[in-house]
Every structure is written in structure tokens, then in C-alpha cells.
Amino acid sequence: MPARRTPKQRARAANNIAGILDRRRKCGTEQHDATTTENVIADKENARLLQEVEIQRNRADRFQTKFRNKTKEAARAKHTRDILQAENVRVEHNLRMRGFRAPKQKERLVEKTLKKAHNVPGEVYLKEKGIIKDSCRTMVRELGAMKIPEEKQDRVIKAVAQGLGIHVVDSISSRSTGRIMLEGGIGSQVQLVSEIEGAKAMMLSGDGTTIRHRNYESRHINLQVPSYEQGRMEKTMTTRSMGIGSAPNHTSDMQLHGLQEQSQRIYGTYNRSRLGKVSPADVIAFATYLLGLGSDHAEDQKRLARLLLLWKIISEKEIRGRRYMEATAISDLLPIILEANNQKIQDAGGVEAWDALSEAEKDRRDAEVYKKLCLRFGEEAWSKLSAEELREAQLFVWAGCCMHKEMNSVKGGPIKLMNRDNAAAASLGPSSANDRAVEVSEGGAVKLTSLAGAIFNHKDQKKGQQDTCRIFFEDRLGYAIHFPDTSNTRFQSHCEAASELIVHLPLYLEFLLLVRDKKDNRNFNHMENNVFNALKDIPTITELCVLSLYSQAISNPYMRKVRGSGERRMNTLDAGPLHQEVKDHINRIIQEPELLLGDDASYTTGALDGQIWERPEAVYAVHCLKNSLPHLRECLIAFFKGALETWYRFTSEFAEDSIIAGLSQAEKDRIHIDTTNDPNEGNLGVLRQDIRHAPNISLSKANARSMYKKNRTADFIQHSFNTAEDQAFLRAEARKQDAAGIPRESRRVEAAYDRADVEKKRGKDAQRKTKADARTAVLDALKVELDVDTLKKGQTSTKARMNKDDIHLQINWHRRRDATISLKMPLNKMKKEDMIEELVAIVEGLPPGFTDAQASSSMVEQAAGTPMDEDWEEKEEREDADMMEV
């Protein structure tokens with residue numbers, strides 16, 4: 001809307017109109033009529049008004065645009081004001097915090113400057129730019145190897161530093177110490193593969209145990225490794241620990257599976273490291289480097305040796321097949337590859353089924369096809385090997401632990417030393433319970449030494465008389481006696497205990513009387529009474545003397561030779577002459593017991609090595625007692641004969657036609673197998689103690705700690721794995737493995753295996769019960785033949801001819817009625833005539849007047865009773881299997 005005119009504007013307009021009208025009058029326009037003049041004036045006025053309206057509209061538009069712009073400017077100004085206010089707050093906060101931090105920054109800058117100038121004596125920093133220094137990480141790993149707990153390492157470091165007058169400024173958390181220990185374990189894995197690839201040959205040893213009902217497997221390898229000392233490049237035969245792994249069971253197959261998984265894991269760690277990127281290692285070659293296995297003499301270990309040889313041969317073939325494929329033109333291999341690929345798709349169910357598979361599954365099946373192709377070409381290359389090449393490719397030796405050879409040669413016992421329950425059963429007189437109690441009870445010197453160890457040195461410190469025993473002997477002899485640790489499983493402890501009991505026999509009897517008379521009721525408990533009686537039993541004392549003499553003449557000299565002296569390590573493969581010497585010496589003592597029992601007996605002729613007795617007073621004590629032991633000579637001969645048979649059985653790997661006998665001396669030097677399994681047994685013992693002292697310790701941390709120490713990984717890291725990239729890899733890999741939850745996954749696998757194993761056993765139990773119920777129903781419906789005359793003819797009462805199955809059922813019916821019926825051999829091994837003879841003997845042995853009615857009543861009673869857990873056929877099969885094992 002146009003703005004209103006001011007009075008001045010209206011007056012000027014009126015004057016303009018008046019002037020126009022006056023000029024018209026003067027120019028003769030008076031003739032125009034009034035109507036025309038008014039129209040002209042109106043048109044002009046309208047034109048002027050329209051123009052004025054347009055002007056005012058444009059002005060209004062300009063005002064509106066300006067108002068809109070001013071509004072936007074106001075909004076922008078408000079936003080800018082808010083930003084400036086926030087910025088002012090931030091700047092004010094930063095200035096305030098900068099002022100707060102300035103003193104500390106200034107202090108740190110001064111300390112850093114002074115530290116660079118070495119002007120701050122007695123102050124050290126464990127970290128640099130927030131990262132623990134490499135030298136401090138080495139220190140933490142060394143403290144962990146000494147079993148300093150993770151949560152105490154920081155305090156230990158500061159306490160030692162304070163004692164040296166040094167102030168440690170910062171600290172290390174327990175989580176960091178745990179990660180640093182894992183870094184040591186990762187370094188050990190890299191070290192193992194590096195040394196294995198450098199040696200190209202190794203010998204494996206292993207052992208297993210159960211801790212808290214979980215199976216653990218320890219492994220070590222012998223191989224030539226370089227010296228990491230400066231200026232020394234020669235290689236020496238060294239034992240390296242591969243750590244300990246858990247397993248669902250201790251079978252040979254599971255042990256092999258555990259070794260294969262472990263090799264995959266350590267090779268994967270190596271190939272991710274800088275050394276692996278420079279020189280990658282093929283895990284398939286791991287098995288080809290195996291040349292031998294050292295273990296105990298259990299059957300599962302012998303089977304494991306056969307499985308390892310098979311794994312080695314398959315790996316050899318796969319590597320040879322791979323080499324062939326890499327050296328052959330792809331055009332020559334294409335038809336075979338296409339055939340294998342088509343078969344792969346066909347096995348998957350067709351192209352559509354193959355396309356539906358996940359990428360991971362496709363990769364797995366492709367890897368299987370590639371492996372099959374390698375083995376196919378490897379078989380062809382294997383068949384072309386010469387006899388010498390074939391012998392070298394499948395060279396593998398098993399040797400048993402010498403310590404176990406000696407331990408198995410010790411036998412024992414005449415007198416039965418029953419526990420309380422068996423003694424009560426035996427006191428009832430002739431009965432099946434009496435016979436069972438006598439059968440299961442042990443006796444002799446070994447049983448006595450076990451019971452004595454439980455009294456005089458019990459493995460549980462809350463039990464036993466160990467402290468009282470030490471005080472007693474210190475009072476009588478002037479020094480304390482520590483009874484051999486037979487309460488635990490300790491090698492040679494029983495022979496040592498036998499010598500100890502013989503040497504101080506009167507004092508041990510006196511001590512037992514002291515223990516008895518200290519009690520309010522003045523009575524022995526059952527174990528003490530057994531030991532007291534056994535120490536006065538002539539046959540048992542005789543056997544103690546035999547054990548003592550055997551240990552002095554054979555055991556101790558043998559182990560001195562086996563273990564060697566100083567840094568000299570004996571190779572089991574060189575122990576063949578030693579074992580022949582042992583058997584010859586035992587045979588000489590059998591032929592001439594006076595070598596040990598004669599008045600002029602001497603260690604020069606009595607001991608295996610001709611060296612002084614390990615415990616001379618034990619030999620002298622036996623000589624003092626020999627006149628009161630009438631059967632000592634015969635028992636000595638019998639014991640040594642049994643030991644000789646054991647030595648022959650446990651040294652079969654050194655027979656003239658054995659693999660070891662066919663090895664050259666150079667091959668024996670190359671295949672070095674330790675004479676004992678001490679590294680693995682010691683490793684498992686250390687783990688048992690670690691779990692006892694730190695129940696929540698993970699197996700990965702326990703392995704990292706022990707491998708870092710045993711394998712001298714610190715030297716390897718300092719010499720060959722010391723770059724910044726290597727240290728960064730150790731830190732990153734430790735974080736990765738720590739976050740992977742490996743212990744939890746291991747427990748999950750074991751739990752899954754236990755569930756599957758239980759389900760399998762329950763299924764077998766159900767099948768066995770179904771089978772037993774069916775056979776019970778057959779026996780319940782059976783017509784029992786009681787006529788001896790017809791049975792002798794092999795006929796039934798209806799004159800029908802009986803076959804072997806009919807006779808079998810008749811005998812089983814009687815055996816179900818009377819469980820005491822025994823046969824001279826399993827039924828499935830008998831001829832028909834023998835079965836008839838057995839059946840007739842059973843029927844003739846029935847109570848007088850036993851009739852068909854009684855037989856039917858007996859069947860009803862049996863049917864109403866508890867179902868039998870095991871049918872006769874299954875029992876016979878089990879007995880056959882036991883006989884075959886024997």
C-alpha cells in the first residue's frame with residue numbers, strides 16, 4: 001500500500017494543477033468543454049497514481065527483503081555468539097588446565113632434560129612414552145621364570161631398587177606382567193620353529209599324567225641348536241621344551257592329534273613373525289624331521305611310535321608330490337586337476353550345492369583336493385626311490401626310558417599286609433570273601449616300604465609321623481633321618497627305603513613302640529600294626545635285604561652310568577652294550593651269590609660298575625642279618641632271575657635284528673635319544689606344583705614361563721629376535737592370544753568330548769542290556785535237559801539231535817543258575833564233544849533229587865531277579881581278549 005503524502009507534498013501538487021489550468025486558459029483552451037478537461041485530468045491522475053503505486057510496491061519489496069536479511073543476520077549473529085561463548089568456555093578451561101598442568105610439565109621436562117644429561121642419580125623409568133622398555137620386559141620375564149607372582153613383581157622391582165638406592169618413578173600393572181610373560185612364550189614358539197628348520201632333524205619325547213582328573217601331555221625334542229653366545233657358531237645337541245598340553249584322554253591317537261595341533265600353532269606363530277616372512281616354514285615338513293621317540297614302555301607309547309612313523313611317511317609323500325606338481329607344466333597336470341575338481345563338485349552334490357557352500361567350507365574342500373593330488377603324485381615318486389633313499393626317508397627309532405627299565409625289574413612279596421576291611425573279611429574263615437581279601441591284598445618288601453612311607457614321611461603334611469620321626473632319630477643318632485618318599489611316586493624310593501629300614505631296623509621298631517605308648521589307649525592303628533609285624537617277619541626282612549642288595553649291585557651303578565657325569569649326555573642308542581653288561585652281571589650273581597653274600601664280598605666284583613657301594617652301611621647291615629635269614633641266598637637267586645627276565649623283556653629294542661642294531665655310529669650320533677624321561681616327568685611335576693600354588697593359572701602362562709626358562713629364550717631374543725619390529729610383534733601377538741580365550745576353548749572342547757563319550761557309552765549299555773534281555777528270555781523259555789544218558793549221546797529227551805548252539809544254551813542256563821561253575825576253556829573254543837562232556841559233568845554235579853520242577857522254579861527265580869550285566873558270550877570274549885593281551 002502506498003505511503004500517505006505529507007501536507008507539503010499535497011500543497012505542491014495543488015499548485016502544479018493550478019498552474020496547468022492557468023496556462024490553458026491563457027493559450028485559448030477556454031473553448032474546450034468542461035467534460036474533456038476533466039477526462040484528461042483524470043487520465044493523467046490515474047497514470048500518476050499507477051506509477052506511484054508501482055514505486056511504493058517496489059519499495060515494500062525492498063523493505064521486505066531487507067527485513068528478511070536482517071532476520072537471518074540476527075540468527076547468524078546469535079549462532080556466532082553461542083559459538084564464541086562455547087569457545088570462550090573451552091579456552092578458559094584449557095587455560096585453567098594448562099595452568100594446573102604447567103608445574104608438572106615443567107617438572108617432567110626438567111627431569112627429562114636432566115636425565116638426558118645424566119644429572120639425576122638414583123632415578124629410573126620403566127616406561128618410555130607410555131610403553132614398557134624392552135630391557136624392563138626382559139626383567140619381568142626373568143622374574144616370572146623365577147615364579148614371582150604377577151601381582152607382586154612391581155613391588156619386588158621397587159623393593160630391590162630401593163635396596164640399591166634407586167628410585168623407580170613409574171610402575172607396571174599385574175595385567176602388563178601377565179602379557180609380558182605371554183610374549184616370552186611366543187618368543188619360545190618362534191625360537192622352536194627357527195631351530196627346527198635349522199636342524200632339519202629332531203627326536204621327540206613325551207609323557208602324560210592326570211592332575212585334578214584332567215589329562216596333561218608334556219613334550220620335549222632333542223636337536224642340534226646354535227650357541228647364541230657372541231663369537232660361537234657351533235651347534236650342540238640340546239633338549240628343548242615344547243610345553244604341556246591338555247587332552248580329553250591319554251590314547252595314542254589323541255597324543256598324535258595333540259602334537260599335530262601344537263605343530264600347527266607354533267608354525268603359524270612363526271610365519272606371522274618377521275623371521276617367518278623372510279623365510280617361511282612349511283608345517284608339513286615338521287613330521288619329516290622326526291627321527292625317533294623316547295618314552296616309557298607302555299603299549300600306548302609303542303603304538304604312538306608307529307603312528308608317528310605313519311605320519312612321517314605321509315608327510316614325505318605329500319612334500320614329494322608337491323615338488324612334482326611345482327616342477328611340472330600346468331598343461332600336463334590340467335586333466336588330472338579337472339578330474340579331481342569334478343569329483344569334488346560331485347561329492348558336494350552338484351554345482352548348485354557347491355555354490356551354496358560357504359567360502360570357508362569351499363576353501364577346506366579345495367585344500368583336501370590339493371592334498372589328495374599331492375599324495376597321488378607323492379606315491380608315484382615314493383615308489384621310484386632306491387632302497388637307500390627309502391630307508392633314509394622312513395628312518396624312525398623308538399627307545400624306552402632306562403629309568404623305567406630298572407624300575408620294572410623290581411618285584412616283591414611273601415607276607416600279605418591287609419588293610420582293615422580285608423583283614424576283617426579274612427578273619428571270617430574259609431569263604432569267597434576270604435579268598436577275595438587274600439587275592440587283592442599285597443605283601444612283601446614293596447608293600448612294607450609303601451606303608452612305612454605313609455607313616456614316617458607322608459605326602460600329606462597333616463598326616464603321618466614325619467616330624468616326630470625326625471626328632472626321635474636326631475635324639476638317638478645326633479642327626480635327623482628323612483625317610484625315602486615312597487608316599488609319593490619317586491624313582492628308586494622303595495629300594496632306598498628297604499636299605500633305610502635294614503640299617504636302622506631296631507630303631508624303627510623302637511619308634512613304633514614309642515608312637516603306640518604315647519596314645520591314651522596304648523594301641524597301634526591298623527597300618528602301624530602291619531608295619532610293626534612286617535619288621536619282625538623273617539620273609540619280609542629277607543626281601544628287604546634282597547631289595548637293598550639289588551639296589552647296591554645293579555640299580556645305583558646302572559643309573560650312574562645312564563645319567564652320566566657332568567655335561568656328558570649318554571645316548572640311549574649307545575646303551576646296548578651297557579644293558580648286555582647288566583644282564584651278564586645279574587647272571588654272574590645268580591651263578592655265584594657269594595659276590596654279594598660272601599664274607600669277602602666287595603664292590604669291586606659285586607657292583608655293576610666296580611665303584612664303591614652307594615650306601616655301604618646297607619650292605620654291612622645285610623651281612624649282619626644274613627645268619628638269621630635262612631632263605632636269603634635262595635631269595636636272592638630267585639629275585640635276580642626274575643629281574644633278568646624283566647631286563648630281557650624291556651631291552652627288546654636292542655635285539656640283534658632290531659632297528660637300533662642296524663644303525664651306523666654316525667646315525668646313532670645323529671639320532672640322540674635321552675636315556676631317561678626326566679625332562680617330561682619333571683615338567684609335569686612342576687605343573688602340578690604350579691597348579692597347587694596358583695590354582696587359577698592358565699596353561700598358556702605356565703607354558704610361557706617354563707619354556708622361556710628352559711629353552712633360554714632370552715638369549716634367542718637378544719641374539720636373533722631383537723629388532724623393533726620383533727618386539728612390536730611380540731606385544732601384538734600376546735594381546736591377540738590373550739584375547740582369543742584359548743584356555744576357555746580348550747575346556748569347551750574337553751567338555752564336548754566328555755559329553756560325546758558318555759553318550760557313546762550309554763548307547764553301548766543300552767545295546768548290551770537289550771541283548772542280555774533277549775538272551776535271558778531265550779534261557780527262560782529253554783527246556784532244561786537233565787537226562788545224563790541222552791546227553792551223552794548228544795540228544796534231547798525227545799531223541800532230537802543237539803547241535804553246538806543247543807549245548808551252548810544248556811550250559812549257559814546252568815551257569816546262570818550257579819555262578820561258581822567254571823569251564824576248562826571258553827565255550828566258543830570248544831569242540832562239540834568237549835561241550836557235551838562239560839554239560840554232562842555239570843548235570844551230574846546237580847544236587848540229588850534236582851527235578852524239572854526245580855529247574856522251572858529256578859528259572860522263575862532267576863527271571864524275577866536283577867538282570868545280569870554281562871552275558872556269558874561277552875564274558876568269554878573279554879577273557880579271550882585278556883589272554884591275548886597277556
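All figures in this text were calculated on a predicted structure; none of them were measured in a lab. The basis for the numbers below is simple: all heavy atoms, side chains too, and nothing from hydrogens, waters or symmetry mates.
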- Which one of Asn683, Asn215, Leu684 satisfies the side-chain contact (heavy atoms from CB on, under 4.5 Å) criterion with Thr209? Leu684
- Query: Does one side chain, of Arg219 or Gln262, offer a donor that lies under 3.5 Å from an acceptor on the other?
  - Reply: yes
- Message: Could you tell me if Asn680 and Ser205 have a donor-acceptor pair between their side chains, going purely by distance under 3.5 Å?
- Response: yes
- Message: Does Asn521 have more than 12 heavy atoms from other residues, nucleotides or ligands lying within 6.0 Å of its CG?
- Response: yes
- Please tell me if the side chains of Glu183 and Arg141 come closer than 4.5 Å, counting only heavy atoms from C-beta onward. yes
- Thinking salt bridges, do Asp609 and Lys561 make one under a 4.0 Å N-O criterion? no
- Item | Nearest-0.5 Å distance that lies between atom CE in Met407 and atom OG in Ser555 | 11.5 Å
- Message: Can you confirm whether more than 12 heavy atoms, excluding those of Lys519, are under 6.0 Å from its NZ atom?
- Response: yes
- Task: Check ring pair (Phe, Tyr, Trp, His ring centres under 6.0 Å) between Tyr550 and all other residues, then give those that pass, not counting sequence neighbours.
- Result: Phe639, Phe640
- Item | Ring centroid separation Phe511 to His504 under 6.0 Å | no
- What do you reckon, is NZ of Lys459 surrounded by more than 12 foreign heavy atoms closer than 6.0 Å? no
- Non-neighbouring partners of His404 that pass ring pair (Phe, Tyr, Trp, His ring centres under 6.0 Å), sequence neighbours left out: none
- Distance-only donor-acceptor check, side chains Ser499 and Ser548, under 3.5 Å: yes
- Between OG1 of Thr486 and CD of Glu496, what distance do you get to the nearest 0.5 Å? 10.5 Å
- Query: Roughly how far apart are Lys701 NZ and Arg179 CZ, rounded to 0.5 Å?
  - Reply: 8.5 Å
- Measure the acute angle between the ring planes of His579 and Trp647, then classify it against the limits of 30° and 60° as parallel, tilted or perpendicular. tilted
- Does Lys761 pair with Asp765 as a salt bridge, N-O distance under 4.0 Å? no
- Is it the case that Ser700 and Gln737 place a side-chain donor and acceptor less than 3.5 Å from each other? no
- Just how far is it from atom CG of Leu544 to atom SG of Cys635, taken to the nearest 0.5 Å? 11.5 Å
- Rounding to 0.5 Å, atoms CE (Met181) and CG (Leu143) come to a distance of 9.5 Å
- Query: Have Thr449 and His494 got a donor and an acceptor in their side chains that come within less than 3.5 Å?
  - Reply: yes
- Message: Closer than 4.0 angstrom, basic N to acidic O: yes or no for Asp467 and Arg470?
- Response: yes
- Lys152, NZ atom: more than 12 neighbouring heavy atoms under 6.0 Å: no
- Hey, do the aromatic rings of Phe472 and Tyr508 have their centres closer than 6.0 Å? no
- Query: Any salt bridge between Arg747 and Glu750, counting N to O under 4.0 Å?
  - Reply: no
- Item | Residues Lys302, Glu653: salt bridge by 4.0 Å N-O rule | no
